[in-house]
Novice: 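The structure under discussion is supplied below as structure tokens; questions concerning it will follow.
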Amino acid sequence: LMWIEDAKDKLIQLAEAMPESKYGWSPDKGVRTVGEVFLHVSAANYGVPSFIGVPAPAGFDFGTYEKSMTKKADIVKSLNDSFAHVEGALKAMPDADMDKPAEFFGMKTTRRGTFLLLLSHAHEHLGQEIAYARSNKVTPPWTAKQQAAEAKAQKK
């Protein structure tokens with residue numbers, strides 16, 4: 001849960017730091033935009049738990065979700081809500097059920113494996129969004145904070 005919250009916090013910080021005008025930016029034709037990557041994370045957070053019995057929100061469509069909105073405020077809300085969905089599912093899952101079998105996308109795993117997939121997926125796309133941010137001259141907020149603290153310490 002701690003590492004999922006870490007990914008959530010950083011993804012949301014980046015989503016808030018990126019100018020809305022950059023949400024349609026992509027490094028190349030046919031590659032997900034900034035906004036689509038954030039929504040791709042949200043889609044996984046809603047869709048993957050459905051494979052272990054945690055229903056996605058009403059009306060959720062895994063196949064179209066990452067192109068379902070373009071406004072920054074809506075996408076940031078989606079990230080927040082989708083991570084709340086994962087965190088709620090994780091907290092509600094009894095320890096005794098974590099090693100029960102699960103299968104999705106043709107892979108056999110466990111319920112614990114499903115949450116590990118969500119964790120690695122969020123961090124994978126966090127790295128992608130960091131690269132997107134830096135390509136657009138946006139310093140990740142936690143890095144900017146660290147740099148400011150170091151600059152302040154050097155002045156003393």
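Values in this document were obtained by computation on a predicted structure and should not be read as measured data.
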Novice: Write down the atom of Asn45, the atom of His85, and the distance for their closest heavy-atom approach.
Specialist: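 Heavy-atom minimum between the residues: O-CD2, 3.2 Å.
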Novice: To the nearest 0.5 Å, how far apart are CZ in Phe51 and CG in Leu117?
Specialist: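 It is 10.0 Å, given to the nearest 0.5 Å.
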Novice: Could you check if a side-chain atom of Tyr65 sits within less than 4.5 angstrom of a side-chain atom of Ser42, using non-hydrogen atoms only?
Specialist: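 Yes, their side chains come closer than 4.5 Å.
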Novice: Side chains of Arg112 and Met93, heavy atoms from C-beta outward: is any pair under 4.5 Å?
Specialist: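 Counting from C-beta outward, Arg112 and Met93 never come under 4.5 Å.
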Novice: Could you verify whether a donor N or O on one side chain and an acceptor N or O on the other, from Gln128 and His125, lie under 3.5 Å apart?
Specialist: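 A pair is found: one side chain offers a donor N or O, the other an acceptor, under 3.5 Å apart.
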Novice: Can you give the donor-acceptor pairs under 3.5 Å from side chains of residues 141-150 to other protein atoms, not counting sequence neighbours?
Specialist:
residue: Gln146; atom: NE2; partner: Glu150; partner atom: OE2; Å: 3.1

Novice: Side chains of Lys72 and Pro19: closer than 4.5 Å at any heavy-atom pair?
Specialist: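 They are not in contact (no side-chain heavy atoms under 4.5 Å apart), so the answer is no.
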Novice: Which heavy atom in Ala122 sits nearest to a heavy atom in Leu11, and how many Å separate them?
Specialist: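 So the two residues come closest at O-CD1, 3.8 Å.
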Novice: Look at the side chain of Ser26 and the backbone N and O of Val31, then say whether any donor-acceptor pair between them is shorter than 3.5 Å.
Specialist: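 Yes, Ser26 side chain to Val31 backbone: donor-acceptor pair under 3.5 Å.
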Novice: Lys91 and Leu1: which non-hydrogen atoms are nearest, and at how many Å?
Specialist: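 Between these two residues, the closest heavy atoms are CE-CD2, 3.5 Å.
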Novice: Please tell me if the side chains of Tyr23 and Thr70 come closer than 4.5 Å, counting only heavy atoms from C-beta onward.
Specialist: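 No, their side chains stay 4.5 Å or more apart.
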Novice: How long is the gap from CD on Glu87 to CZ on Phe115, to the nearest 0.5 Å?
Specialist: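 Going from CD on Glu87 over to CZ on Phe115, the span is 11.0 Å.
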Novice: Okay, side chain of Tyr46, backbone of Ser82: is any donor-acceptor separation there less than 3.5 Å?
Specialist: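 Indeed, once roles are kept as given, a pair shorter than 3.5 Å links the two residues.
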Novice: What's the separation between atom OG1 in Thr139 and atom CD1 in Ile130, rounded to the nearest 0.5 Å?
Specialist: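 Here the rounded value is 11.5 Å.
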Novice: When rounded to the nearest 0.5 angstrom, what is the spacing between CD1 in Ile12 and CD1 in Ile75?
Specialist: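 Those atoms lie 13.0 Å apart.
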Novice: Would you check if Leu14 and Leu126 make a side-chain contact, meaning some heavy-atom pair closer than 4.5 Å?
Specialist: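 Counting from C-beta outward, Leu14 and Leu126 do come under 4.5 Å.
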Novice: Out of curiosity, Phe83 CZ to Leu118 CG, how far, rounded to the nearest 0.5 Å?
Specialist: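 CG of Leu118 is found 8.5 Å from CZ of Phe83.
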Novice: Determine yes or no for a side-chain-to-main-chain donor-acceptor pair under 3.5 angstrom, with Ser135 supplying the side chain and Ala131 the backbone.
Specialist: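 Flag set: sc Ser135 to bb Ala131 pair under 3.5 Å.
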Novice: On a heavy-atom basis, which atom in Leu79 and which in Ala15 lie closest, and how many Å separate them?
Specialist: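 Reported closest heavy-atom pair: CD1-CB, 3.9 Å.
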Novice: Between Phe62 and Phe60, how do the two ring planes meet: parallel, tilted or perpendicular, split at 30° and 60°?
Specialist: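 It falls in the tilted class, 30° to 60°.
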Novice: Evaluate the side-chain proximity of Val138 to Met18: yes if any heavy-atom separation is below 4.5 Å, no if none is.
Specialist: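 Yes, close enough: below the 4.5 Å cut-off.
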Novice: Would you give the length of the straight line joining atom CD of Glu103 to atom NZ of Lys108, rounded to the nearest 0.5 angstrom?
Specialist: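 Result: 4.0 Å between the selected atoms.
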Novice: With the side chain counted from C-beta on, respond yes when Val76 and Phe38 share a heavy-atom pair under 4.5 Å apart, and no when they do not.
Specialist: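 No, too far: nothing below the 4.5 Å cut-off.
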Novice: Taking distance alone, no hydrogens or angles, what donor-acceptor pairs closer than 3.5 Å link side-chain atoms of residues 2-9 to residues at least two apart or in another chain?
Specialist:
residue: Asp6; atom: OD1; partner: Lys10; partner atom: NZ; Å: 3.4

Novice: Would you say that Lys22 contacts Tyr132 through its side chain, given a criterion of any heavy-atom pair below 4.5 Å between the two side chains?
Specialist: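 In short, these two side chains do not touch, never coming nearer than 4.5 Å.
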